[in-house]
Each structure stands twice: as C-alpha cells, then as structure tokens.
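Residue numbering restarts at 1 for every chain, and letters A, B, ... go by the order of the sequence lines.
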Amino acid sequence: MNKGVWFFEEVDLYDILCPYKYNDHLKSHPLSCYNKTDFLFMEGDPVREIYLVAEGRVKIGFYDKEGNEQVIAFLGRGEILGEKALFGENRHKEFAQAVADHTLICKLRVEKAQELARDYVPFSLTLTKRFGERMGRLERRLQILLFKDARQRLVEFVKDLCRDIGTPYRTGVKITLEITQSDIAALIGASRKTVSLLFTDLEEAGMVKFFGRKEIYVPNLEALV
DNA sequence: GCATTAAAGAGAG
DNA sequence: CTCTCTTTAATGC
C-alpha cells in the first residue's frame, strides 16, 4: 500500500469513531457542515477540539510575512486535523478552510478525545498507526522535494492525485481538481509559472489531457513519467 | 508582469 | 428562479 503523499490518505478512522459517535456524541454534537471557503479555524485560535473530516475536503495553510497564503496540505475523508492538541498545543499554528461544499466535520473536544484514547483501545491504536503512516508519507514527500526536479515532483503529485481522488475514465484515470495551479505550486515547491509550463509540456507529450480547468485525464498512469 | 479567458457574483426581469 | 452583465480570479506566454 503506497498511498498519497500530498493529499492524505482517505481511510476510515471514521469507522472507528462510529460506535462512539452514534451513541452519545452525535446527539450533542451533530456533524458541522461547511461550504467552500468557510474557515474551520484561523491561525492563533485557541485549540478546543480535534476534527475529523467526514466528507469533503479541507485545506491547511498559513500566511507568510508578505501575507501570501501558503498551503501545507489538503485533507480528505477520514483524516484528522488539530490532533496536535493531544500533545498539548493550545493555539492553532495554521488555518483550516473547507474547499468543497458540504464538507462535513465531526468535532471532538480535546478532553473527550483523550478520554477516548485512554478507554477505547481501537481508537488509540488507530491514532498511533496513523501518526506512523503520516510520518512515512512526510519522509517520502521530503525525499521527493529534496532529490527530484520540478517536473518529477509534479509527476509524483499527479500520480498521487490519481491514487487518492482519481476515478476510472476510458482507458485511464480522471481527476477533478478542486485546487488551483498556485496551490499545486506551493505543495510541490515550485513557482506557479513552472507548474503552468510543465502542465503544458505534459499535455503536449500526451501524458495528460485537460477538460476545462477543473479536470485532468491521465490516459495511462504507467506512461506518466 | 500582463493579456486572455473562465468562473463567480450581482442585479434585473 | 434564471438569464445576463459585471467583477474577480486563474491561466498561459
């Protein structure tokens, strides 16, 4: 299993929470629904809850000195955010923003999460496992960023997109982009200009094809190098 | 960095 | 609610 590096894997930690969720949690804390561009929290907000993405997608980032937005990651279904709260962080260092409509978030108060981690073994095991996996992905991502050129980084990024959010289409895979080229540029450590040029190259080489601005079609994943 | 084009938003019918 | 005009944002060179 070699899952995405740039977009975090979509697994069902959700399942793990379900037994708990449906008992008493859901009644008192229904899922919150966010629309595109709604913020879950901002930089510097006090940390009160950890969040579980039940549906949709969330962007994590911060603003640099010049006020430019810097994207760190996109999180999909099953991913946790704000989990550093469990290690004592009390202010968010990043903002979290929904990038899809109907993004459903299950919120869990920090104390509750700690209680759950203590009393409910599967929950705590899953947390541990996921931190390990996340570490592994970060290592791989770091290696790609350090040792590959911009073109390879973009290619790896697109491949991961295919794995994570791709749907079969004709002979290959289709991806619906909910992010812009500057977001991609930030994620792979390239300039927006480079990303734009590289995409044009890849399209000319027939490795990818764009439908409008929102969809990429990859005819053959193997041939994408 | 600027020109083109697409998407989002506002306003009218 | 839907169509169209205006504004804003994304892309490509």
>> Distance check needed: B:dA6 C1' versus A:Leu177 CG, whole Å only.
In response: 15 Å

> Given that A:Lys193 and A:Lys36 both sit by DNA chain B, which one's nearest nucleotide is further toward the 5' end?
Replying inline: A:Lys193

> Hey, are the side chains of A:Leu86 and A:Gln114 touching, using non-hydrogen atoms and a 4.5 Å cut-off?
Replying inline: yes

>> Using modelled atom types and a 3.5 Å cut-off, is there a donor and acceptor pairing between side-chain atoms of A:Asp101 and backbone atoms of A:Lys36?
In response: yes

>> I need the CD1-P distance between A:Ile179 and B:dA7, as an integer number of Å.
In response: 16 Å

> Side chain of A:Arg213, base of C:dG12: donor and acceptor closer than 3.5 Å?
Replying inline: no

> If only side-chain N and O atoms of A:Gln181 are considered, is one of them under 4.0 Å from the OP1 or OP2 phosphate oxygen of C:dG12?
Replying inline: yes

> Heavy atoms, side chains only, cut-off 4.5 Å: are A:Leu154 and A:Leu202 in contact?
Replying inline: yes

>> Taking any heavy-atom pair under 4.0 Å as a contact, classify A:Thr180: base, sugar-phosphate, or nothing.
In response: sugar-phosphate

> Between A:Arg192 and A:Lys214, which is nearer to the 5' end of DNA chain B once each is assigned its nearest nucleotide?
Replying inline: A:Arg192

> Over how many whole Å does the gap from A:Asp183 atom CG to C:dA9 atom P extend?
Replying inline: 14 Å

> Think A:Ser196 has a side-chain N or O under 4.0 angstrom from the OP1 or OP2 of C:dG12?
Replying inline: yes

>> Without decimals, in angstroms, what is the distance between A:Glu204 CD and C:dC13 P?
In response: 8 Å

> Centroid-to-centroid, A:Phe210 to A:Phe199, below 6.0 Å?
Replying inline: yes

